[in-house]
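Per chain, numbering begins at 1; letters A, B, ... match sequence-line order. This one's a predicted model, so the numbers in the text were calculated from it and none came from an experiment.
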Amino acid sequence: MIWDWAFAASIVPSLLDGLWVTVQVTLVGTAIALLLGLGVAVVRYSRIPLLGKLFDFFVLFVRGTPLLVQAYFAFYVLPNVGVQFSPLVTGIIVIGINYSAYTAEVYRAGIQSVPAGQWEASTALSLSAVQRWRFVVLPQAVRDVVPALGNYVVQMFKDSAILSAITVFELLSHATSIGSGSYRYLEPLTIAGLLFLAVSLPAAKLIKRLELRLAHPR
Amino acid sequence: MSQILPFLPLLLNGLLITLALTAVGVVITVLVAFAAGLCRMSRRRWLSWPAGVFIEIFRGTSMLVQLFWLFFALPFFGVQLVPFAAAVLALGLNEGAYGAEIVRGAITALPRGQREGAIALSLTPYQRMRYVILPQAIPAMIPPFGNVFVDLLKNTSLVSLVTVADLTFRAQMVRATTGATTAVFGTILVLYFVAAYVLSVGMGRLERRMDPGRPELRPTLLQRLFRRGGVVGS
Amino acid sequence: MISFSGVGKSFGDNHVLRELDLDVAAGEKVSIIGPSGSGKTTILRLLMTLEEPDSGLVEVDGEPLWDRRGGAVADTRGQAAVRRKIGMVFQHFNLFPHMTVLNNVALAPVQVLGMSRDDAEHRAVDLLRMVGLQKHLRHKPGQLSGGQQQRVAIARALAMRPKVMLFDEVTSALDPELIGEVLAVIRDLAHTTAMTMLLVTHEMRFAAEISDRVLMFDSGAVIESGPPSKIFEEPQHERTQRFLKAVLERK
Amino acid sequence: MISFSGVGKSFGDNHVLRELDLDVAAGEKVSIIGPSGSGKTTILRLLMTLEEPDSGLVEVDGEPLWDRRGGAVADTRGQAAVRRKIGMVFQHFNLFPHMTVLNNVALAPVQVLGMSRDDAEHRAVDLLRMVGLQKHLRHKPGQLSGGQQQRVAIARALAMRPKVMLFDEVTSALDPELIGEVLAVIRDLAHTTAMTMLLVTHEMRFAAEISDRVLMFDSGAVIESGPPSKIFEEPQHERTQRFLKAVLERK
Amino acid sequence: SFTQPGTGQPGSTLDQIKARGSARIAIANEPPYTQIKPDGTVTGAEPDVVAAVLKRMGIPSIEGVVTPYESMIPGLNANRWDIIAAGLFMKQSRCGQILYSEPEIVSTESFAVPAGNPKNLTSVASVKADPAVKVAVLPGGFEDGALKTQNVPAAQIVNIPDGRSGIEAVLAGRADAFFLPTLSLNSLKTDGIDITPAIKDVQQTGSGAGFRKTDQDLVNAYDEQLRALKASPEFDEILSRWGFSADAARGVTRDQLCAVAG
Ligand SMILES: Nc1ncnc2c1ncn2[C@@H]1O[C@H](COP(=O)(O)OP(=O)(O)OP(=O)(O)O)[C@@H](O)[C@H]1O
Ligand SMILES: Nc1ncnc2c1ncn2[C@@H]1O[C@H](COP(=O)(O)OP(=O)(O)OP(=O)(O)O)[C@@H](O)[C@H]1O
Ligand SMILES: [Mg+2]
Ligand SMILES: [Mg+2]
């Protein structure tokens with residue numbers, strides 16, 4: 001009697017709804033993390049006086065504190081200072097900013113691997129700072145780090161469950177909410193875990209393939 | 001701020017629990033990482049296959065889901081862990097799965113000749129591991145393990161969601177009672193940050209002690225802090 | 001066209017240039033020779049604003065590029081406009097590996113000079129035909145030989161219509177059998193254009209053939225200077241004699 | 001002492017050894033020569049159980065090391081005991097970089113033979129003195145030259161008191177001026193001990209000097225075999241003539 | 001020990017907690033029903049009643065476990081705690097899942113609204129009347145169920161994790177009202193917040209201690225001592241300390257409250 005198949009089947013649609021929210025959080029969060037991280041990396045690399053130091057600390061601090069506590073902070077404290085979003089939007093912003101600290105480090109590694117000669121050639125062609133980043137450095141820097149960024153996307157997908165703590169109604173929330181209505185946790189939690197696996201395993205495999213492809217081009 | 005002063009002992013008690021979770025978690029992480037990593041590399045299918053499944057499952061699902069499962073679902077299979085045990089187990093298994101890939105990576109990165117040199121001396125598989133492979137692989141594992149440990153420390157905050165009274169849990173409680181939301185969360189953010197910082201510095205020390213070569217080429221303290229390669233240990 | 005006066009440059013306590021004075025007239029082709037570490041590359045890099053001098057004045061076409069007389073902080077307004085008159089070809093090509101050959105050449109004219117894409121590509125095709133690479137427009141640099149890559153790099157620099165071209169040992173990273181094709185292109189430029197050319201090279205025969213003047217460099221200073229016939233056939237300075245002897249023997 | 005009969009070994013469709021038969025008597029010193037890829041290293045690796053044959057029988061000192069006659073699955077009981085009679089020196093030394101020279105040599109005697117630490121170290125010091133390294137006991141391999149490292153590797157193999165020693169191109173990773181010191185040690189061993197020795201080498205003069213017999217290998221088979229005087233001075237096989245000509249010309 | 005007390009041990013929960021001299025109770029830290037003191041110990045109306053009853057049963061101490069309402073019953077069934085003492089209101093579905101003691105607390109429900117009650121929310125019906133109105137509830141709480149059984153659309157319901165966040169949600173405009181027991185809201189009240197009078201169109205309800213279905217013997221023993229407590233002035237003293245009416249609790253039965261829809 002431990003596992004109730006009929007019950008398990010009946011909750012799958014609701015859990016799939018939750019999975020869809022999780023995927024949405026991940027997609028928008030990824031967009032934020034990729035763009036913001038890029039900005040942070042470029043600013044830090046450009047040694048812009050005050051901003052650079054500030055972003056250094058930003059990366060350090062975000063990576064040194066738990067996502068859950070950051071989410072609580074944004075959820076509870078920001079409304080007090082007049083910044084208010086729905087839990088979903090708050091969650092997406094928090095996880096996006098959190099991961100931007102990680103992607104910034106990835107981009108930095110990518111930027112560092114662009115040879116000095118590429119910078120010098122850009123100067124020799126009189127490209128402006130923006131043109132240099134846009135046409136020469138970033139295309140090369142990003143290409144090499146696509147797999148590493150991909151790994152963080154998968155990681156974000158899994159970490160988005162933490163946002164359930166600030167009432168973002170994603171996959172895990174759906175599972176616990178089913179639990180509170182039906183008073184059973186076994187099936188919803190197990191199926192939620194399997195759904196996470198069903199997305200993250202193929203994604204990880206895909207990234208591995210991409211990595212091999214980039215390592216041995218053509 | 002003054003509202004939360006009476007609750008400071010409670011917060012410190014939570015910090016203690018958080019540190020205890022981290023300490024026990026680190027031990028379990030290392031044990032699991034070596035067990036799973038070494039089994040994964042075994043040529044025996046009945047060892048490598050289960051290790052592979054374990055690693056994929058624990059790296060493929062959310063730490064929080066694992067925690068909820070151990071806490072609320074496992075009892076139905078007759079295994080009833082106290083909350084602290086369920087918590088450190090989830091932390092240790094999850095981070096251990098990442099650590100397993102670190103162990104495997106460091107060992108496979110050794111030159112093939114080391115293993116062959118050891119075979120040519122008739123060392124047994126155990127002796128090869130003990131005297132030749134691990135002493136060389138372990139120093140290489142320290143920086144990535146440092147990152148895993150910082151992750152572990154941060155993930156201890158999740159146990160607050162399954163009734164373990166860690167720092168985050170206590171903070172929520174104090175907040176609910178006093179309403180001093182900003183002060184409480186500000187305080188614990190700083191506490192976590194300091195703890196993570198100290199942990200990283202400690203790992204940096206360990207790294208230098210195990211590998212005394214070329215200190216001037218080492219990255220600065222801040223660079224070393226929170227350095228991380230690909231998450232999936234690749 | 002180019003004038004260094006009292007230019008100094010150090011890396012740490014390594015005084016690479018000391019009170020350097022140097023003038024190059026418009027249209028002049030000047031070769032710079034000298035032992036490794038004597039500061040030849042540094043001169044070109046200063047002109048390209050890849051390094052900053054510690055003191056002195058560097059002028060190009062009558063306008064200041066660097067003015068650090070009295071050690072004052074460089075005023076870099078207008079620097080970009082001056083630099084635009086200069087093109088440079090590097091020892092290791094420094095092509096953009098993620099762009100086609102055509103885009104390598106057309107990028108800066110579109111982005112910097114504001115040419116239309118069409119005009120820039122037409123011009124790029126012309127230049128690439130001139131260096132003999134019209135067949136490789138759509139290839140990536142990685143698919144070309146070293147000699148071909150270096151010819152693309154020359155076309156890329158020319159696309160900006162510079163008044164001054166800098167060449168820094170552009171053949172020393174090439175396999176011996178590829179050197180000729182690159183030198184042929186430069187020879188052509190030297191003979192058919194009025195560009196000012198500054199050329200760091202170890203190819204003495206080639207330098208003799210195309211240069212109006214040869215500068216012998218040592219320890220950051222010009223120790224001897226004159227037409228190639230004079231420098232190569234009757235060098236005055238003992239250091240020059242020793243240097244030429246060593247280089248010619250190596251071949 | 002060593003006997004291969006009908007041994008085959010493939011990597012994928014690369015048939016490295018084909019029905020190899022080979023006997024080496026106790027105390028015999030045998031050199032193996034032949035072109036790259038002919039399977040010389042593979043023979044030594046089979047003896048060291050670093051590779052597994054696909055078919056055939058390999059015996060050492062009368063006991064089976066590999067028995068895959070009829071393609072049966074190898075029975076590896078007793079293999080460890082047989083392997084213990086064999087020592088091997090590798091092209092790239094394969095010393096343990098985290099241990100001192102002394103510990104490199106003493107490790108296996110303590111762990112495998114169960115000698116006391118004291119006895120093992122005494123013996124290690126004797127062996128290291130023999131190879132001329134008594135001054136470097138406490139150094140790590142990284143602090144030694146290639147030639148010194150290879151001599152440590154020889155001492156390490158000898159510490160297990162093997163009846164058979166395998167040498168796989170032990171000088172080809174060394175700078176030319178360091179080769180002599182390693183060959184001197186091996187020559188000494190060959191002349192003063194009764195060990196069976198199997199030596200893959202490209203040092204023809206050395207092979208001629210110390211070997212009782214030379215085997216010429218090609219495509220996984222012995223195509224010619226005999227005393228060094230015969231092989232080196234009047235090779236019968238056309239392939240041998242060609243091989244020797246190429247090797248001797250290269251010097 | 002690494003495993004939970006009770007695992008694999010013989011005997012009922014009653015025997016075990018008697019042997020231990022202590023019971024684990026689930027609470028929510030929602031004053032006045034349940035509250036954590038600065039020293040970490042547990043108090044509040046329901047825990048105080050439960051502690052008093054258990055003392056009469058010869059069990060001197062309680063050990064509080066703070067958990068959200070939604071996981072209280074699953075956690076009870078997973079043997080994470082022995083008794084729910086959180087003011088978990090009785091209703092049909094819950095009474096089907098767990099055993100309740102006789103009622104210990106009876107209460108009313110109110111909305112917390114911005115000062116002046118700008119949207120004039122006084123009943124569930126007034127919420128349903130305006131689809132733009134959003135009401136904050138604790139997921140899995142009684143009020144959550146009450147709104148759902150009256151078919152308030154999901155889009156109008158905002159989940160928040162605890163009482164304090166509910167007040168903050170109303171202040172921040174994330175919700176127009178926060179639906180909670182009147183007394184709970186009173187203890188959370190801050191500037192800028194009004195508490196409405198008791199909402200009429202939800203049924204009156206109340207809570208008792210909650211037990212696993214397999215612990216009928218424990219419930220029987222508990223009810224026996226609870227009856228004695230309710231007959232004594234000590235009961236009045238405890239309930240009035242937290243602002244509840246002891247007589248109201250004496251006036252209803254478990255069967256009545258378990259009949260509440262939801
Ligand atoms: N970025 C730098 N940092 C420190 N030292 C530098 C740097 N660039 C050049 N140098 C030093 O400056 C000196 C002159 O360098 P430069 O490259 O101008 O010499 P060169 O005459 O071009 O030599 P070569 O023929 O080897 O190219 C050398 O000693 C070099 O080590
Ligand atoms: N592990 C392996 N996997 C696949 N092929 C292998 C492996 N080891 C050896 N080979 C192949 O087997 C063949 C014989 O190799 P072996 O090393 O025995 O040659 P060798 O005679 O020692 O050559 P050399 O003089 O270059 O050392 C070669 O073609 C080699 O590529
Ligand atoms: Mg140079
Ligand atoms: Mg070989």
Side-chain angles (χ1 to χ4, degrees), chain A residues 2-3 22 56 59-70 72-73 76-77 79-81 101-102 105-106 109 147-148 150-152 154-155 157-162 164-165 171-172 175-176 179 184-190 192-201 203-204 207-208 211, chain B residues 18 56-57 59-78 94 147 150-151 153-158 160-161 167-168 171-172 175 181-186 188-197 199-200 222-223 225-234:
Chain A
I2 290 180
W3 179 271
T22 293
D56 281 351
V59 169
L60 205 62
F61 191 81
V62 169
R63 300 185 65 164
T65 50
L67 175 61
L68 176 66
V69 181
Q70 292 166 8
Y72 279 153
F73 193 85
Y76 293 121
V77 176
N80 291 348
V81 296
Y102 293 87
E105 292 287 87
V106 173
N151 282 334
Y152 277 117
V154 177
Q155 187 82 357
F157 170 74
K158 292 176 283 174
D159 270 359
S160 63
I162 292 173
S164 63
L171 179 49
L172 181 60
T176 52
R184 287 185 71 91
Y185 264 176
L186 175 61
E187 293 85 357
L189 285 177
T190 306
L194 291 176
L195 287 177
F196 271 110
L197 267 185
V199 174
S200 67
L201 273 192
I207 291 164
K208 205 76 300 124
E211 201 168 354
Chain B
T18 290
E56 295 293 350
I57 285 183
R59 294 195 331 168
T61 55
S62 295
M63 158 90 208
L64 192 52
V65 174
Q66 294 159 18
L67 200 56
F68 270 74
W69 203 91
L70 284 183
F71 193 79
F72 287 117
L74 192 61
F76 289 101
F77 297 95
N94 182 276
N147 290 320
V150 170
D151 261 13
L153 167 67
K154 292 187 288 173
N155 278 339
T156 57
S157 64
L158 300 182
S160 65
L161 301 172
L167 183 57
T168 305
Q172 274 292 24
R175 186 193 71 89
T181 303
T182 312
V184 170
F185 283 122
I188 69 164
L189 272 177
V190 170
L191 287 177
Y192 275 112
F193 180 67
V194 170
Y197 192 91
L199 182 56
S200 303
L222 288 188
Q223 283 170 333
L225 197 60
F226 310 134
R227 160 184 47 195
R228 164 156 242 186
V231 179
V232 190
S234 46

*Can you sort out the partners of Thr65(A) under side chain to side chain donor-acceptor pair (under 3.5 Å), two or more places apart, ordered by chain and number?*
Gln70(A)

*Heavy-atom closest contact (Lys154(B) atom, Arg63(A) atom, distance)*: NZ-O, 2.8 Å

_Is Leu153(B) close to chain A through its backbone or its side chain, or both, or neither, when contacts mean heavy atoms under 4.5 Å?_
neither

*Where does Gln66(B) contact chain A at under 4.5 Å (heavy atoms): side chain, backbone, both or neither?*
neither

*To the nearest 0.5 Å, tell me how far Met63(B) CE sits from Leu67(A) CG.*
13.0 Å

*asked:* Nearest 0.5 angstrom please: Leu68(A) CG to Tyr192(B) OH, how far?
replied: 7.5 Å

_Partner chain A: residue of Gly186(B), Gly60(B), Ala73(B), Ala195(B) with the largest heavy-atom pair count (under 4.5 Å)_ = Gly60(B)

*Can you name the closest pair of heavy atoms from Thr182(B) and Phe73(A) and give their distance?*
O-CE1, 4.3 Å

*With sequence neighbours left out, what residues match Phe185(B) under ring-ring contact (aromatic ring centres under 6.0 Å, His included)?*
Tyr72(A), Tyr76(A)

*Could you tell me which portion of Ser160(A) (side chain, backbone, both or neither) has an atom closer than 4.5 angstrom to a non-hydrogen atom of chain B?*
neither

*Let me see the working for Trp69(B) and Leu186(A) under side-chain contact (heavy atoms from CB on, under 4.5 Å), right down to the final yes or no.*
CA-CA 7 Å; Trp69(B) 203 91; Leu186(A) 175 61; 4.3 Å; yes

*Under 4.5 Å heavy-atom distance to chain A, tell me which part of Leu161(B) shows up: side chain, backbone, both or neither.*
side chain

*Output, in order, the C-alpha distance, side-chain angles, deciding distance and verdict of side-chain contact (heavy atoms from CB on, under 4.5 Å) for Phe193(B) and Leu60(A).*
CA-CA 9 Å; Phe193(B) 180 67; Leu60(A) 205 62; 4.1 Å; yes

*Mind listing the closest non-hydrogen atom pair of Ile162(A) and Leu64(B) along with its distance?*
CA-CD2, 3.7 Å

*Identify the two heavy atoms, one from Val69(A) and one from Ser157(B), that lie closest to each other, and give their separation to 0.1 Å.*
CG2-CB, 4.3 Å

*asked:* Counting only non-hydrogen atoms closer than 4.5 Å, can you tell me which residues of residues 192-199 of chain A sit against chain B?
replied: Gly193(A), Phe196(A), Leu197(A)

*List for me each residue that meets ring-ring contact (aromatic ring centres under 6.0 Å, His included) alongside Phe71(B), sequence neighbours excluded, and say none if there are none.*
none

_Is Ser160(B) in contact with chain A via its backbone, its side chain, both, or neither, using a 4.5 Å heavy-atom distance?_
side chain

_For Leu201(A), which atoms come within 4.5 Å of any heavy atom of chain B: side chain, backbone, both, or neither?_
side chain

*asked:* With rounding to the nearest 0.5 angstrom, report the CG to CG distance, Asp159(A) to Leu158(B).
replied: 8.0 Å

_What verdict does the side-chain contact (heavy atoms from CB on, under 4.5 Å) test give for Leu172(A) and Ser62(B), after you've listed the backbone C-alpha separation in whole Å, the side-chain angles of each residue and the deciding distance to 0.1 Å?_
CA-CA 9 Å; Leu172(A) 181 60; Ser62(B) 295; over 6 Å; no

